[in-house]
Enquirer: 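Right, I'll just put the structure down here and ask away after.
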Amino acid sequence: HVQLVESGGGSVQAGGTLRLSCVASGTSFTWRYVAWLRQTPGKEREAVAAIYPGGGTTFTADSVKGRFTISHDDKKDILYLQMNSLKPEDTAKYYCATGFTGQWPLHALEANKYTYWGRGTQVTVS
């Protein structure tokens, strides 16, 4: 049974930074396609970054390119999302996700191709 737990969210001012973390139980990130998704009330879930840790390939959405970086600590098996130069429009609940069902890398940034995600961590930028 796969469980994902996100942490690191909070409230920051515009221009600030946060680093989100995600740990998994019941699986390892290393040989899975994983992503960070975000969602605001009334909007569809959006994939902001994706990675295949086993190969090191990463993808980043245009909306956060140059500001957000997805990474994976191989030794600790922790997934990270480093978020710099945060903007009010980055306010959302952020989820790490796996259980990829699409074609990689074609669908790497399609949120609906990920079938497992955690409870999320709230990021608020003012």
Enquirer: Can you measure from OG (Ser71) to CZ (Arg19) and round to the nearest 0.5 angstrom?
Expert: 7.0 Å
Enquirer: Same cluster or not: Val34 versus Val2, using hydrophobic residues (I, L, V, M, F, W, Y) connected whenever any side-chain heavy atoms lie under 4.5 Å apart?
Expert: yes
Enquirer: Between Phe29 and Tyr52, is there shared hydrophobic-cluster membership here, with clusters defined by ILVMFWY side-chain heavy atoms closer than 4.5 Å?
Expert: no
Enquirer: Working to the nearest 0.5 Å, report the span between CZ of Arg38 and OH of Tyr95.
Expert: 13.0 Å
Enquirer: Give the cluster check for Leu4 versus Leu79: same hydrophobic cluster or not, with ILVMFWY residues linked at side-chain heavy-atom distances below 4.5 Å.
Expert: yes
Enquirer: I'd like to know if the side chain of Arg32 and the backbone of Thr98 have a donor-acceptor N/O pair within less than 3.5 Å.
Expert: no
Enquirer: How long is the gap from CG on Leu37 to CG on Leu109, to the nearest 0.5 Å?
Expert: 9.5 Å
Enquirer: Do Ile51 and Phe68 share a hydrophobic cluster, counting only Ile, Leu, Val, Met, Phe, Trp and Tyr and linking them when any side-chain heavy atoms are less than 4.5 Å apart?
Expert: yes
Enquirer: With hydrophobic residues grouped by side-chain heavy-atom distances under 4.5 Å, do Trp31 and Phe59 end up in a single group?
Expert: yes
Enquirer: With sequence neighbours excluded, tell me which residues meet side-chain hydrogen bond (donor to acceptor under 3.5 Å, both in side chains) with Tyr114.
Expert: none
Enquirer: Give me the ring orientation class for Trp104 and Tyr33: parallel if the planes are under 30° apart, tilted from 30 to 60°, perpendicular past 60°.
Expert: parallel
Enquirer: Would you kindly say whether Gln122 and Thr91 are connected by a side-chain donor-acceptor distance under 3.5 Å?
Expert: no
Enquirer: Step by step, would you call Lys65 with Asp62 a salt bridge (charged side-chain N to carboxylate O under 4.0 Å, His left out)?
Expert: CA-CA 5 Å; Lys65 195 163 289 184; Asp62 288 344; 3.3 Å; yes
Enquirer: State the CG-OG distance between Asp77 and Ser28, to the nearest 0.5 angstrom.
Expert: 3.5 Å
Enquirer: Within the supplied structure, the quantity of interest is the number of heavy atoms (other residues, nucleotides, ligands) at a distance under 6.0 Å from Phe100 CZ; does it exceed 12?
Expert: yes
